[in-house]
Each structure stands twice: as C-alpha cells, then as structure tokens.
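Everything on this sheet refers to the single structure shown next.
Scope of the values below: all heavy atoms of this structure, side chains included, with no hydrogens, waters or symmetry mates.
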Amino acid sequence: QAQLVESGGGLVQAGGSLRLSCAASGRTFSDYAMHWFRQAPGKEREFVAAIRWSGTTTYYQDSVKGRFTISRDNAKNMIYLQMNSLKPEDTAVYYCAAREGYTDYNMYAMDYWGKGTLVTVSS
C-alpha cells in the first residue's frame, strides 16, 4: 500500500550533477528515517546516505562525502539526493528506502523500498 517512487535518474558525464527525488505515498513518512542505497551491475546493494526524521543529522558512505547531499521535506513527503561531481563509479540503480525510527546502514533493516532509478555516469 505504502509506496516510494524515485525519479531524476539519467545519463550524465563525469563531473556533472543530478538530483534524485523520492516521493512517498500511502502514508506519511515524517517519523521515518530515510535512506538512499545503490546497486551497480554485478555488485551488492550498498548504503549511500541517510537522514533522520528531524533532517538535522545525516550520514554518508565515505566515497560520496562532500559530493552528495541528502535532504527531506516532510511537509511534502519528499526525499532528495543531490549528487555533484559524479564519477563513473557512481553508476548504479539508486533506491530510496524508509525505516521507522532511526537510521541504519543495513539494507535489511529497511521497512519500505522504492523500485529504483538508474544513474549512468559516462567518462
């Protein structure tokens, strides 16, 4: 019933930027920690970024620190991932995920998942 739908993926050149959006529906996610995970071809799904319900505390995978910014707008039930200085190794399907309560790096701790949006970064 509850859904998360990602958008904003596409093809960009290295050094470019994209802003991913995650629209929540079916329920409010204002009391959920929100996350972005990604999965590159042939690789395991990995944690990218997370934000607490308050929006005041964020977490990032080391490889994206300083380049990616996660944010949320609880009034609109929206979550964003601003991606700057993109690298070819950022190429992956990016997934939005929600967890009631606090953030977690473990994908298996998530309560809801979107179906993903593909980001392709060319060299």
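Here the CE atom belonging to M83 is positioned 4.5 Å from the CG atom belonging to L18, to the nearest 0.5 angstrom. The line from CD1 of I79 to OG of S21 is 9.0 Å long, rounded to the nearest 0.5 Å. S17 OG to F68 CZ: the interatomic distance, rounded to the nearest 0.5 Å, is 9.5 Å. Residue K76 holds its NZ atom at 15.5 Å from OG of S30, rounded to the nearest 0.5 Å. In this structure, OH on Y102 lies 9.0 Å from OG1 on T57, to the nearest 0.5 angstrom. Between Q82 atom CD and I70 atom CD1 the span is 12.5 Å, to the nearest 0.5 Å.
Classification of the W113-F37 ring pair by plane angle, with boundaries at 30° and 60°, yields tilted.
Between the Y105 side chain and the Q61 main chain, no donor and acceptor come within less than 3.5 Å of each other. Between the E6 side chain and the G116 main chain, a donor and an acceptor come within less than 3.5 Å of each other. The backbone N or O of R52 sits less than 3.5 Å from a side-chain atom of R72, completing a donor-acceptor pair. No side-chain donor-acceptor contact under 3.5 Å links H35 to the backbone of T103.
Among all heavy-atom pairs drawn from T117 and G9, the shortest one is OG1-N, 3.2 Å. Across every non-hydrogen atom of R38 and A92, the tightest pair is CB-CB, 3.8 Å. Across all their heavy atoms, S85 and R67 have their closest contact at O-NH1, 3.0 Å. Here the shortest heavy-atom pairing between T58 and Y60 reads OG1-CE1, 3.4 Å. Here the closest non-hydrogen pair linking R27 and N77 is O-ND2, 3.0 Å. Residues C96 and L4 share a closest heavy-atom pair of O-CD1, 3.8 Å.
A salt bridge links K65 with D62; the closest basic N to acidic carboxylate O contact falls under 4.0 Å.
The closest side-chain heavy-atom distance from V5 to K115 is not below 4.5 Å.
Taken together through direct or relayed side-chain contacts under 4.5 Å among Ile, Leu, Val, Met, Phe, Trp and Tyr, L81 and V64 form part of one hydrophobic cluster. The cluster map of Ile, Leu, Val, Met, Phe, Trp and Tyr, joined by side-chain heavy atoms under 4.5 Å apart, puts F47 and L86 in different clusters. Under the 4.5 Å side-chain contact rule for hydrophobic residues, L20 and Y112 share a cluster. Hydrophobic clustering places V93 together with M107 (ILVMFWY residues linked when any side-chain heavy atoms are closer than 4.5 Å, directly or through intermediates). If you chain together hydrophobic residues whose side chains sit under 4.5 Å apart, Y95 and M110 fall into the same group.
Annotation for E89: atom CD counts as buried by contact number, over 12 foreign heavy atoms lying within 6.0 Å.
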